[in-house]
Amino acid sequence: MNIGFIGASKILETVIPIFSKFPDKFTLYGISSRDKEKALEFQKKYSICKVFDSYEDLAKDDNIELVYVSTVISKHYEDVKLCLKNNKNVIVEKSFTKSYKEAKELIDLAKKKNLYLEEAIWTRFMPSRNIINKIINSKLIGDVYYIEANLGYNIFNVERIKNPLLGGGALLDVGVYPLNFIDMFARSVNQTNEIVSFNVMSKLTNLGVDETICGNIIYQNGIIGNFFATINNLTTRIGYIYGKDGIIKVTNINNPELIEVYKRNNIKKNKFDLVSKIKVKEEVNGYEYEFLEAFDLINKKRIEPNSMPLNDSLRMMNLMNNMLKKIKSKVVETNKKN
């Protein structure tokens, strides 16, 4: 499968090396960047066949079967739309777009043209997800009632993060991971378990983007999810899934490394015993799974991933949009009072 890359972003340094492990499946066919020198650097370093002068030239090349879009969030809509209009299957980096409206339009277009479209939220595709799902569904920890997750990095001064015009802020860039962590496992037993309400709080920068954000989401069956995300500093990145009989602890929710299962002691009711410790192994670095699923499903003429159905992308986009609206409305109310 010939792959084209739109955007010569930093994430490509991690993504492109996976393809060398699957030479029978993928060919690095082309790359285009608004900074042509960057594109040429990637071409030389990774032996990419062609450098295109524009995104449009790349999208129009009939040899390309799949395009990976890794531009800034604010550009996802126009870049993905360009590819879809030119009959290209697309994987787009998270967050899908900067608004629910944009995401819905792209999904409708992909379905109309019968093209594959995938949001690259890598944790949804990883084997660790199935490992945790099996533990939850086995009832080893009992019925789940509470999930918490956090993620943060010291990326405050990164331009695409701090600039509101580029879709910056903690929620869309970092918070998307703890929210997806919560949603995956709150819906593990019942995929129709929808979010019924949420609360959110945030500290904003002087440019108006959220630098730290926290809140909770509540599901139909009563499960509560608590999340925290920041661009100020590294956090523990640990997730907890609480059941009535035990706890699952996940080290590094962004790329699970270790899953520990604790069971309540039958004699000492206030004590938990570690009953299982699972080290998570990957074929390469974790990014491979989203591409391997795309390869398989495109060849089967499918138009969306199993691991991140387009409806789930829409659900999460709608949730994040509503959170950002709520934050902005609180700011307006505070300013009126002052």
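- Inspection of the N63 and N2 side chains reveals no N or O donor paired with an N or O acceptor under 3.5 Å.
- Side-chain atoms of Y77 and K81 form a donor-acceptor pair, as typed in the model, at a separation below 3.5 Å.
- Remark: D108 does not engage K111 in a salt bridge, criterion side-chain N to carboxylate O under 4.0 Å.
- The aromatic rings of Y146 and Y242 are tilted relative to each other, their planes meeting at an angle between 30° and 60°.
- Relative orientation of the F52 and Y29 rings is tilted, given thresholds of 30° and 60° on the angle between their planes.
- The aromatic ring centroids of F181 and F185 lie less than 6.0 Å from each other.
- Judged by distance alone, the side chain of N285 and the main-chain N or O of T14 form a donor-acceptor pair under 3.5 Å.
- Remark: K326 qualifies as a cation-pi partner of F198 under the 6.0 Å distance and 45° angle criteria applied to the six-membered ring.
- By the 4.5 Å heavy-atom criterion applied to side chains, E102 and M317 are not counted as neighbours.
- In the model, N321 has no side-chain atom that pairs as donor or acceptor with a side-chain atom of S99 under 3.5 Å.
- For the residue pair N180 / R124, a side-chain donor-acceptor distance below 3.5 Å is found, with atom types taken as modelled.
- Using a cutoff of 4.0 Å between basic side-chain nitrogens and carboxylate oxygens, D273 and R264 are not scored as salt-bridged.
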